[in-house]
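The figures that follow rest on heavy atoms only: side chains count, while hydrogens, waters and symmetry mates do not.
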Amino acid sequence: VLDPSKLGINVPLEQIVGGSVDECRRVFFEVLGGERTPAAKVVALNAALVLYAIGTYSKLEDALERAGAILRDGAALRTFERAKELASRG
């Protein structure tokens, strides 16, 4: 069982539950754009779990640091925007 608090993530569910479509869109772009929010911590943890599970990192802590860095520096948003551009070309 994973205890997020042991990785420094103490985010109550109420802080990350979505609302309207506009609210969810705003949070999505905040997270991908590097804002340090409770939602960003949870997204980083989810991404870290994937990186750890597929063997990219042997320690979950290292995977979490990398996932957080990708979000903080805006790389995730740039990748999303590039994918959106490519998809629009059909």
Side-chain angles (χ1 to χ4, degrees):
V1 174
L2 174 67
D3 181 355
S5 67
K6 290 185 178 180
L7 295 166
I9 300 172
N10 299 299
V11 179
L13 185 59
E14 306 82 53
Q15 289 187 5
I16 59 170
V17 172
S20 68
V21 171
D22 288 339
E23 175 69 10
C24 290
R25 182 181 189 281
R26 181 186 62 75
V27 171
F28 175 81
F29 282 104
E30 284 177 357
V31 169
L32 290 188
E35 292 192 34
R36 296 178 183 206
T37 65
K41 290 179 181 181
V42 174
V43 169
L45 178 57
N46 285 328
L49 288 167
V50 171
L51 293 171
Y52 177 74
I54 64 172
T56 303
Y57 290 90
S58 60
K59 293 170 58 177
L60 183 55
E61 295 82 359
D62 294 339
L64 181 58
E65 177 55 38
R66 181 64 182 135
I70 289 168
L71 290 172
R72 286 188 303 272
D73 76 5
L77 181 58
R78 289 189 301 276
T79 300
F80 172 76
E81 293 295 344
R82 178 72 175 135
K84 195 168 72 169
E85 177 186 320
L86 291 171
S88 70
R89 292 182 187 172

Atom pair NZ/CD1 of K41 and I16 - distance to nearest 0.5 Å: 12.0 Å
Specify the closest pair of heavy atoms between A67 and A44, including all atoms of both residues, with the distance to one decimal. CB-O, 3.4 Å
Distance, nearest 0.5 Å, that separates CD of E61 from CG of L7: 5.5 Å
Same cluster or not: Y57 versus I9, using hydrophobic residues (I, L, V, M, F, W, Y) connected whenever any side-chain heavy atoms lie under 4.5 Å apart? no
Value rounded to 0.5 Å, distance of OH in Y52 from CG in D62: 10.5 Å
Hydrogens and angles aside, do D3 and S5 bring a side-chain donor and acceptor to less than 3.5 Å of each other? yes
Could you tell me whether a side-chain N or O of T79 sits under 3.5 Å from a main-chain N or O of A75, the two making a donor and an acceptor? yes
Could you tell me the separation between the CZ atom of R89 and the NZ atom of K84, rounded to the nearest 0.5 Å? 13.5 Å
V17-F28 co-clustered via ILVMFWY side chain contacts under 4.5 Å: no
What pair of heavy atoms forms the shortest contact from P12 to N10, and how long is it? CD-O, 3.6 Å
Counting C-beta onward and ignoring hydrogens, is there a side-chain heavy-atom pair between L2 and L60 closer than 4.5 Å? yes
Ion pair check, E81 and R78, cut-off under 4.0 Å: no
When you look at CZ of R25, are more than 12 heavy atoms from neighbouring residues, nucleotides or ligands closer to it than 6.0 Å? no
For the side chain to side chain contact (heavy atoms under 4.5 Å, CB included) test, which of T37, V31, V11 pairs with V42? V11
Please determine whether a side-chain nitrogen of the Lys or Arg among R72 and E65 lies less than 4.0 Å from a carboxylate oxygen of the Asp or Glu. yes
Are L45 and L71 co-members of a hydrophobic cluster defined by side-chain heavy atoms under 4.5 Å apart? no
Cluster question for you: counting only ILVMFWY and a side-chain heavy-atom cut-off of under 4.5 Å, with indirect links fine, are L86 and L32 together? no
Which atom of E35 lies closest to which atom of A40, heavy atoms considered: O-CB, 3.4 Å
